[in-house]
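Please read the structure below before turning to the comments.
Hydrogens, waters and symmetry mates play no part in the numbers below; they use all other heavy atoms, side chains included. Every chain is numbered from 1 and lettered A, B, ... according to where its sequence line falls, protein lines coming before strand lines.
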There are 2 protein chains.
Amino acid sequence: MQETSDRPYHHGDLRRTIIETAMGMLDEEQGWQFTLREVARRAGVSHAAPYKHFSDKGALLAEMSMLGFDRLREKLTAAERRPFASHREELFALAHAYVGFGTSNPALYRLMFGADAGKAADIHSGERALAAFGVMLETLERGQKEGVLRKRPIQGQATTCWALVHGLTMLAIGGLLPPAKVGPDAMEAALAALLEGLEE
Amino acid sequence: MQETSDRPYHHGDLRRTIIETAMGMLDEEQGWQFTLREVARRAGVSHAAPYKHFSDKGALLAEMSMLGFDRLREKLTAAERRPFASHREELFALAHAYVGFGTSNPALYRLMFGADAGKAADIHSGERALAAFGVMLETLERGQKEGVLRKRPIQGQATTCWALVHGLTMLAIGGLLPPAKVGPDAMEAALAALLEGLEE
DNA sequence: CTACATATGTTGTCACTGACAACTTCGAGG
DNA sequence: CCTCGAAGTTGTCAGTGACAACATATGTAG
């Protein structure tokens, strides 16, 4: 009857389980205040087990953050792979995918960008975060080649796009874009203004 | 020789002292992981004294966040009060003031927008936060009246501005706009693109 | 097949934290 | 002058992150 007999001494894939459990708690509690011990409890392991896979809580959070960038990149590439009538529509779709990712994973998104310490720079300049950035870059480059976009330094345009889209996401997550206060399509307006500023 | 004799039993202005001390630590540690007890220690009071002024740590952080919005509003109004050759320059100045505030108070800025719990919405819809937003709104309204800006729903334009500027700030704080990688004036480019999208 | 080295889990422990309760001090208003 | 409440203090508690020491599984060399 001992549970000990059911569950083998070694979990088998604790690392993954810990991450998944923590991801769940991130969502539930809308923040990363959850305790490592509670994660362990839910995973059904002892309170010190997580330390065999993550040097400290920060390391776990960092891994979760990177995982977030992986998912973001996937969502962006998926959005961009579909056929489009125009380059403008493609950019629109990309932007929507980005904001959609943020609004449907608010806590994760905040974690990705709000990382407490100065670790932010490390995470964001990591390969996995840059990959997400890369998707947008490629689309912009294509736009310039096709002559749809003004030929300005590509990095500047990319910065503009990312900044606008990131800002929109944050505002949306913070509940600062309620249709009642800001109009039914404040976001569309913002994206339109952006494109009008970028296009030839 | 007892310090107790110097310092009166009642501090006199503990609330303010606590806030200022905490603000200092926010800056030093680039985050709000500091402990309430350490704040009390530095303020020279007992570990429980802060609870006479703030129901819990979150309340202190919320107050600090609001204080941040006050300062932001002040900086924006100051920037906007100077004389300008054109409306475009005024908007530029405003945007620079905003980003400047964020980059020179990174931890505070993160606190203002990264507030852990869902408290974000409460803080941002508070009077003091909206006041900061209001400065930008007024400038945009003036721009429309003067015929410089396209006559679109003002809230949409404001959203666009805020999103762009907020995004730029976050990227800058995160160290994602190093001139080496993104060009020497990625920010200028972004602001220019924004204005070109808003202007008539 | 055996025996050990290593990765993975567990128990035990420590200093510290946020939060509360009970007690003390001080100053303002009847 | 006295009392009452605001502001501080000491004491305490459960819970936390982190580490150390110990236990168990796994796989690999002889």
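- In summary, Arg42(A) and Glu20(A) do not engage in a salt bridge, as defined by a charged side-chain N under 4.0 Å from a carboxylate O.
- Salt-bridge annotation for Arg41(A) and Glu38(A): present, with a side-chain N of the basic residue lying under 4.0 Å from a carboxylate O of the acidic one.
- Closest contact between the side chain of Leu36(B) and the listed nucleotides dA18(D), dT10(C), dG18(C) involves dG18(C).
- In this structure, Phe34(B) places its CZ atom 19 Å from P of dC16(C), rounding to the nearest Å.
- A close approach under 4.0 Å does occur between a side-chain nitrogen or oxygen of Arg41(A) and OP1 or OP2 of dT16(D).
- Rounded to whole angstrom, the span from the CD1 atom of Ile18(B) across to the C1' atom of dG8(D) amounts to 11 Å.
- Rounded to whole angstrom, the span from the CG atom of Leu61(A) across to the P atom of dG17(D) amounts to 10 Å.
- Atom CD of Gln33(B) and atom P of dG18(C) are 10 Å apart (whole Å).
- Computed from coordinates, the Glu38(A) CD to dG15(D) P distance equals 11 Å when rounded to whole Å.
- For a distance-only test at 3.5 Å, the side chain of Arg37(A) fails to qualify as a donor-acceptor partner of the base of dG15(D).
- Nucleotide dG17(D) holds its P atom 11 Å from the CG atom of Leu60(A), rounded to whole Å.
- The aromatic rings of Phe113(A) and His166(A) sit tilted, their planes meeting at an angle between 30° and 60°.
- Between Tyr109(B) and Tyr98(B), the ring planes lie perpendicular to each other; the angle is over 60°, past the 30° to 60° tilted range.
- Taking only side-chain nitrogens and oxygens, Ser46(A) never comes nearer than 4.0 Å to OP1 or OP2 of dG9(C).
- For the contact set between residues 47-56 of chain A and DNA chain C, defined by any heavy atom under 4.0 Å, the members are His47(A), Ala48(A), Ala49(A), Lys52(A), His53(A).
- In summary, of the residues considered (Thr17(B), Ile18(B), Val45(B)), a side chain to side chain contact (heavy atoms under 4.5 Å, CB included) with Val39(B) occurs for Ile18(B) alone.
- Taking a 6.0 Å sphere around CD of Glu28(A), one finds it holds more than 12 heavy atoms contributed by other residues, nucleotides or ligands.
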